[in-house]
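Reckoned from all heavy atoms, side chains included, excluding hydrogens, waters and symmetry mates. A, B, ... follow the sequence lines: proteins, then strands. Residue 1 opens every chain.
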Protein chains: 2
Amino acid sequence: MNLKQLSEHLGLSQTTVSRALNGYPEVSDATRKKVLTAARLNNYSPNTRAKGLATGRAWAIGHIIPISTKHEMVNPIFGDFIAGAGESYAAAGFDMTLRLAEDDHIETLYREMAAKRNVDGILVQGPAMDDERVHILQDLGMPFAVHGRASSATTAYNWLDVNNSRAFERATNFLLDLGHQRIALINGLEHMDFAYRRRGGYETALSARGLAIDPQIMRAHEMTERYGYTSTRDMLSQPNAPTAFLVSSIIVAIGVRRAIEEAGLKMGQDISVITHDDDISYFRNGEEIPLFTATHSSVREAGRILAQILIDQITNPTAPPVHRLLEAQLMVGQSTGPAPGRT
Amino acid sequence: MNLKQLSEHLGLSQTTVSRALNGYPEVSDATRKKVLTAARLNNYSPNTRAKGLATGRAWAIGHIIPISTKHEMVNPIFGDFIAGAGESYAAAGFDMTLRLAEDDHIETLYREMAAKRNVDGILVQGPAMDDERVHILQDLGMPFAVHGRASSATTAYNWLDVNNSRAFERATNFLLDLGHQRIALINGLEHMDFAYRRRGGYETALSARGLAIDPQIMRAHEMTERYGYTSTRDMLSQPNAPTAFLVSSIIVAIGVRRAIEEAGLKMGQDISVITHDDDISYFRNGEEIPLFTATHSSVREAGRILAQILIDQITNPTAPPVHRLLEAQLMVGQSTGPAPGRT
DNA sequence: ACAAATAACCAAAGCGCTTTGGAGATTTTC
DNA sequence: GAAAATCTCCAAAGCGCTTTGGTTATTTGT
């Protein structure tokens with residue numbers, strides 16, 4: 001059933017039917033009611049492509065997932081972030097259009113999407129320090145919003161981020177207060193903006209207490225369980241082994257925990273661990289007494305908010321860019337305790 | 001730049017330019033070359049909506065993510081599956097359109113998507129035993145493919161599944177051969193088709209050796225780490241505690257392992273564990289010696305293949321439905337060993 | 001050398017919607 | 001009671017593409 005058929009069926013013009021459905025005032029209440037019920041009965045929904053052609057709006061937001069040939073890794077937070085964003089999209093009637101793209105084709109793809117006009121805006125995830133995507137999108141005049149920040153960008157744009165440096169500074173201080181002096185950092189890849197900022201927070205806290213920054217107990221890598229395991233195992237076997245670990249993801253923290261126990265030590269007693277916790281739905285940390293002491297921030301909530309920011313920008317293109325900095329909660333769990341030999 | 005502008009720029013008709021770009025033969029090689037370079041130079045890509053309107057094809061595949069209000073859980077395999085499917089879509093020039101939908105709105109949404117014609121087909125994930133989605137889609141005449149099977153469906157449709165019953169039967173036999181007599185099952189929700197089949201395999205293997213099926217050591221629940229932990233902890237404290245665990249997901253297995261170690265036992269010695277392993281990219285089990293003995297099957301590969309099946313179906317609608325049953329590999333890792341007291 | 005076939009191009013219709021620019025009919029204003 | 005304003009509706013253009021049904025040259029067949 002299309003508009004033409006529906007309007008013939010009703011004995012009205014397409015104009016009137018269209019206006020009735022879209023809530024324009026030039027239609028009597030009686031007619032509108034008739035049109036609406038007829039539409040429902042006949043299961044009519046306007047053809048998206050025709051509507052898009054006519055209005056110049058795609059009613060879709062693009063998410064481009066970078067897929068490097070080197071490490072074909074899917075971000076564990078991807079699903080939850082998408083779920084959050086999807087909630088906002090669904091509420092506003094937008095679809096989410098996903099594309100995979102190899103790292104070096106992203107610019108081409110952005111330009112292509114802009115030319116094809118099949119999305120009204122783009123949501124950028126996982127920005128690197130010197131991320132070029134921000135520049136490209138600004139250049140193309142395509143509305144966009146970033147989950148995280150790209151430090152290299154000079155002009156304003158929409159973003160939402162967790163206060164990563166503050167979170168890791170607080171976590172480090174928490175460990176220092178417990179008497180830990182050798183605190184290891186198991187970070188994400190440090191060309192990523194969030195990881196860079198986290199290291200910053202860690203270093204700030206150490207420096208503030210006059211402690212040296214020791215590259216021997218600092219790692220940066222893609223955040224897998226195995227990475228947590230191997231790097232912790234290695235560091236624990238060093239002569240001057242750390243008594244605490246600051247970890248960038250709960251996935252990695254699971255590996256850290258495995259190495260600790262395999263070494264015959266007890267997490268929360270012999271070794272303390274604080275991890276960042278994105279509140280991944282299949283790995284909740286926070287029920288009852290959390291397993292890990294963590295800097296907690298819901299990535300799903302982030303998706304929800306950021307998607308709304310982007311929708312607002314699309315709806316109202318002249319509004320100034322919006323920034324949103326979320327503070328992570330420091331939640332105490334079972335994985336931290338006083339440094340050994342200090343009761 | 002649109003077709004009209006491009007054709008004016010070239011001094012050709014829109015017809016000729018369109019045909020040149022789409023590879024029709026009614027165009028001389030010289031003209032075609034001219035058109036193609038001009039298109040590249042001017043960064044021309046046809047407007048998706050206009051093209052779709054004219055061809056009746058959306059060049060997009062729909063994925064509907066059910067989001068129940070009860071348990072707002074995002075499937076951990078979601079990301080990797082999407083990544084696999086996305087590879088096939090990208091290669092064939094299709095976009096992926098995601099929508100979230102609450103359980104009881106799925107039918108409405110399917111009908112709406114069919115009416116709006118903004119997807120050419122739908123990929124169904126996580127079918128339940130009596131999944132209604134298959135019926136609805138068959139009813140709507142919308143091409144679709146299912147990851148898994150819906151046992152209730154009577155007529156043929158496209159699906160790809162892992163041989164779950166065979167996998168769990170083999171895994172159970174493997175444990176039995178090691179001398180284990182008390183084997184616990186930590187399954188997914190058993191109204192889900194895959195979980196039902198896995199239990200079938202487990203029970204078949206036990207029955208074949210004349211062993212009783214004991215509900216005391218069988219659990220079914222949403223597959224979180226916490227679920228693995230609590231159910232294992234409970235079962236280990238039972239009088240006649242199991243010596244082996246058969247687990248439905250590596251996420252759950254991590255929780256199982258936590259409970260085992262917390263009880264002061266050693267996985268692979270005191271207690272054996274076999275888990276199903278979907279080869280999730282951030283939690284690889286298989287490097288060097290796998291942590292867990294596992295029934296292994298790549299969900300990313302599954303996404304890749306199934307997406308291709310759906311594309312084929314869309315391209316060639318009269319072809320008969322395709323079924324594909326993948327066998328899981330039984331990979332031996334560190335988590336299994338002979339039953340205690342049996343060297 | 002002439003009809004038939006082929007090559008290379010084009011004008012215009014059509015996909016299903018929104019929106020502009022009216023046109024009657026009814027109500028309000030003075 | 002005539003002019004103005006307000007309602008309620010409609011015909012037709014336009015969004016950017018594909019495709020049908022030509023037309024005009026150029027080759028081919030005999």
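- Listed here is the closest heavy atom pair of Met1(A) and Tyr44(A): O-CD1, 3.4 Å.
- Here the nucleotide nearest the side chain of Gln14(A), chosen from dG16(D), dC17(C), dT18(D), is dC17(C).
- Taking each heavy atom of Leu109(B) and Leu100(B) in turn, the nearest pair found is CD2-O, 4.3 Å.
- Closest to the Thr16(A) side chain, of the nucleotides dC9(D), dT20(C), dT18(C), is dC9(D).
- Taking atom CG of Leu10(B) as the reference point, atom C1' of dC10(C) lies 15 Å away to the nearest angstrom.
- With rounding to whole Å, Lys4(B) atom NZ is found 16 Å from dT18(D) atom C1'.
- Using a 4.0 Å heavy-atom criterion, one finds that Arg19(A) contacts the bases of the nucleic acid, with or without backbone contacts as well.
- Between dC17(C), dC9(C), dC17(D), one nucleotide has an atom nearer to the side chain of Val27(B) than all others, and that is dC9(C).
- Checking dA11(C), dT8(D), dC17(D) against the side-chain heavy atoms of Thr15(B) singles out dA11(C) as nearest.
- Side chains of Asn316(A) and Thr318(A): a donor on one and an acceptor on the other come within 3.5 Å.
- Residues Thr15(B) and Glu26(B) form no side-chain contact, since every pair of their non-hydrogen atoms from C-beta on lies 4.5 Å or further apart.
- In this structure, the side chains of Trp159(A) and Leu325(A) come closer than 4.5 Å at one or more pairs of heavy atoms.
- Distance, Asn47(A) CG to dT18(C) P: 10 Å, rounded to whole Å.
- For Thr55(B) and dT19(D), the shortest distance from a side-chain N or O to OP1 or OP2 is not below 4.0 Å.
- Here the options are Ile311(B), Val119(B), Leu310(B), the test is side chain to side chain contact (heavy atoms under 4.5 Å, CB included), and the partner is Phe94(B); only Ile311(B) passes.
- The separation between Met1(A) atom CE and dC17(C) atom P is 11 Å, rounded to whole Å.
- Set against dG16(C), dC9(D), dC15(C), the side chain of Ser28(A) has dC9(D) as its closest nucleotide.
- In the set dT18(C), dC10(C), dC9(D), the nucleotide with an atom closest to the side chain of Leu12(A) is dC9(D).
- Between the P atom of dG16(C) and the CD atom of Glu8(A) lies a distance of 12 Å, rounded to the nearest Å.
- Place Ala50(B) and Arg32(B) on DNA chain C by their nearest nucleotides, and Arg32(B) ends up nearer the 5' end.
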Strictly under 3.5 Å: I want the nitrogen or oxygen pairs between protein and nucleotides 24-27 of chain D, one per line.
none

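- Of all heavy-atom pairs between Gln14(B) and Ser7(B), the closest is CG-OG, 3.4 Å.
- Remark: C1' of dC15(D) and CG of Asn118(A) are 16 Å apart, rounded to the nearest angstrom.
- Not one side-chain nitrogen or oxygen of Tyr24(B) sits closer than 4.0 Å to the OP1 or OP2 atom of dT18(D).
- Distances from the side chain of Leu53(A) to the nucleotides dC10(C), dT8(D), dC15(D) place dC15(D) closest.
- Note: CG (Leu21(B)) to P (dT18(D)) measures 8 Å, nearest angstrom.
- Atom-to-atom, CG of Asn2(B) to C1' of dT18(D) comes out at 14 Å; the value is rounded to the nearest Å.
- In this structure, Ile314(B) and Arg57(B) approach most closely via the heavy-atom pair O-NH2, 3.4 Å.
- Set against dC9(C), dT18(C), dC9(D), the side chain of Asn22(A) has dT18(C) as its closest nucleotide.
- Where Ser18(B) and Asp29(A) meet DNA chain D, the nucleotide closest to each residue was compared, and Asp29(A) sits on the side nearer the 5' end.
- Checked against dC17(D), dT18(D), dC9(D), the side chain of Glu26(A) finds its nearest nucleotide in dC9(D).
- Nearest nucleotide to the Leu3(B) side chain, out of dC17(D), dA11(C), dT8(D): dC17(D).
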